[in-house]
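Report on one structure; see the data block that follows.
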Amino acid sequence: MPELPEVEVVRRGIDAHVSGRVFAEIQVHHPRAIRRHVPGPVDFAARLAGRRVVAAWRRGKYLWAELDGGEALLTHLGMSGQFLVRPDGTPDEKHLRVRFRFADGGPELRFVDQRTFGGCLVTDLVEVDGARLPLPIAHIARDPMDPAFDVGAVVRALRRRRTEVKRALLDQSLISGVGNIYADEALWRAKLHWARPTERLAAARVADLIGAATEVMTEALGAGGTSFDALYVNVNGESGYFDRSLAVYGQEGLPCFRCGSPIRREPFMNRSSYSCPRCQRRPVR
DNA sequence: CCTAACTCCTGCATGC
DNA sequence: TGCATGCAGGAGTTAG
């Protein structure tokens, strides 16, 4: 499940292998992959052909290739999206959705996505609060790796919410880049139960939580990301190894690293939350 | 305006 | 073996 660290690994790969190159033929193999590009696949391909990639950027879980002339190829990996750099003639992946060829005839870029939650679109860049962003993600908050990330402002915004703390942590308009895995890891590090009401959390506890999220995602990036299977890989098809360092996510029944209590799994928003029953006490009501 | 539920999708694990 | 069911879940959309 690509979250900030995994998307950053992909961004670096695209920056290294695609920046400076000129798009040629683009093939859309599955229309759902560009469903957010409203004008459709023909327009999508036409807007990219002949355009040079200036650089690859990221905010939260979104990444985009800035094109010469001012537009951007914006993408989100969803649950299972991958960008792979492959020499021409490499057999197509089963879930190949979009093929990007280049004018230099070098290795092509492929968007592969099993569960089709991810996608691509071409869009304008706009100025938002001192940052240059693709228009559809103007509402996405800065992530903790952003030099202009303001911890104090995020703490205040989060405490204004009237909801459970994990819901707020997953809200990409408050703080971006955190998904289910790193949310659970950050809550464990901060010793907070996911259902704690935000309005009853002291500012210092919230700051601890943001710090824990930043810390765990930084460590995961250093490990090349988290991967449970072949679904998340870098542009060369290689997996990260942070899954070995996970304290709670997917660890149901295994002993807590801190206290030895068996990690529990609870239903949360039609998915799961993992936590330590002793280190992370459930709120009384 | 704010919050929560719903929805999209495929493959794998599980149980009968 | 085959079929049904549950689960994985990001984020836009819709409902209240």
Side-chain angles (χ1 to χ4, degrees), chain A residues 1-8 10-11 28-38 58-64 74-83 92-98 111-121 123 133-143 156-187 194-201 213 217 220 225-233 239 243 246 248-253 264-274:
Chain A
M1 278 41 82
E3 302 179 25
L4 187 155
E6 293 74 33
V7 179
E8 174 60 16
V10 174
R11 186 201 68 77
V28 177
H29 287 239
H30 196 306
R32 191 172 149 77
I34 60 147
R35 64 195 180 283
R36 291 190 67 191
H37 189 86
V38 178
R58 181 190 57 72
R59 172 171 282 200
K61 305 170 198 170
Y62 285 91
L63 73 98
W64 65 95
L74 174 65
T75 76
H76 194 291
L77 301 177
M79 289 180 65
S80 56
Q82 308 174 343
F83 275 102
D92 287 358
E93 291 75 11
K94 183 179 177 186
H95 303 292
L96 174 65
R97 306 306 187 193
V98 185
F111 181 63
V112 176
D113 188 13
Q114 177 194 103
R115 293 177 207 172
T116 72
F117 274 33
C120 310
L121 71 154
T123 183
L133 295 179
L135 182 59
I137 64 163
H139 65 292
I140 300 294
R142 291 185 189 272
D143 62 66
R156 286 190 294 277
L158 196 144
R159 291 180 74 233
R160 277 197 295 270
R161 286 298 176 89
R162 293 294 174 263
T163 186
E164 295 165 344
V165 65
K166 184 173 172 181
R167 287 178 180 271
L169 195 55
L170 293 173
D171 187 334
Q172 306 297 301
S173 67
L174 286 177
I175 173 176
S176 67
V178 183
N180 200 41
I181 297 171
Y182 298 118
D184 278 0
E185 294 299 310
L187 287 161
W194 54 265
R196 287 284 295 271
T198 48
E199 69 265 33
R200 292 213 293 274
L201 280 178
M217 291 196 294
T226 297
S227 181
F228 308 103
D229 48 37
L231 276 188
Y232 162 70
V233 293
S239 292
D243 57 308
L246 294 175
V248 284
Y249 185 85
Q251 310 298 306
E252 185 181 14
R264 72 182 154 197
R265 179 163 69 101
E266 297 170 296
F268 168 78
M269 290 174 74
N270 287 326
R271 48 195 66 119
S272 295
S273 255
Y274 297 89

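In what follows, every heavy atom counts, from backbone to side chain, and hydrogens, waters and symmetry copies are set aside. The sequence lines fix the lettering, A, B, ..., with proteins before strands; numbering per chain opens at 1. If you're wondering where the values come from, they're calculated on a predicted model, not measured in any experiment.
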* Structure fact -> DNA chain B nearest-nucleotide lookup for A/E164 and A/N270: closer to the 5′ end is A/E164

* Structure fact -> A/R162 has its side chain closest, among B/dG11, B/dC8, B/dT3, to B/dT3

* Less than 3.5 Å between a donor and an acceptor, one on the side chain of A/R115 and one on the base of C/dA8, is that the case here? -> yes

* **Protein-nucleotide distance (A/R36, atom CZ; B/dT7, atom P), rounded to Å** => 20 Å

* Can you list the stems that DNA chain C is part of, where a stem is at least 3 pairs in a row, each Watson-Crick or G-U, with both distances below 3.5 Å? -> B:2-16 with C:2-16

* Base, sugar-phosphate, or nothing: which does A/H139 touch, judged by heavy atoms less than 4.0 Å apart? -> sugar-phosphate

* Asked: Taking NZ, NE, NH1 and NH2 as the nitrogens, is one of them in A/D143 or A/K61 under 4.0 Å from a carboxylate oxygen of the other?
  -> no

* Answer with base, sugar-phosphate or nothing: what part of the nucleic acid does A/Y62 contact at a heavy-atom distance below 4.0 Å? => sugar-phosphate

* **Residue A/T116, side-chain atoms from C-beta onward, closest of B/dC9, C/dG12, B/dA5** => B/dC9

* Asked: Which nucleotide sits closest to the side chain of A/R265: B/dC9, B/dT3, C/dA8?
  -> C/dA8

* Structure fact -> Result for 5'-nearest mapping on DNA chain B, choosing between A/R160 and A/F117, is A/R160

* With the side chain of A/Q114 defined as its heavy atoms from C-beta on, choose the nearest nucleotide among B/dA5, B/dC8, B/dT10. => B/dT10

* Between B/dC8, B/dT3, C/dA8, which nucleotide has the shortest distance from any of its atoms to the side chain of A/T163? -> B/dT3

* To do: Show your working on side-chain contact (heavy atoms from CB on, under 4.5 Å) between A/V10 and A/Q82 and close with a plain yes or no.
  => CA-CA 8 Å; A/V10 174; A/Q82 308 174 343; over 6 Å; no

* When you look at A/H76 and A/F117, which way does the side-chain contact (heavy atoms from CB on, under 4.5 Å) test go after all the steps? -> CA-CA 8 Å; A/H76 194 291; A/F117 274 33; over 6 Å; no

* Can a donor-acceptor pair be found between the side chains of A/T198 and A/R161 at a distance below 3.5 Å? -> no

* Assign A/R161 to base, sugar-phosphate, or nothing according to its heavy-atom contacts below 4.0 angstrom with the strands shown. => sugar-phosphate

* Structure fact -> Ranking B/dT3, C/dA8, B/dC9 by distance to the side chain of A/R271, first place goes to C/dA8

* Structure fact -> Per atom distances to the A/R167 side chain, the nearest of C/dG10, B/dG11, B/dA5 is B/dA5

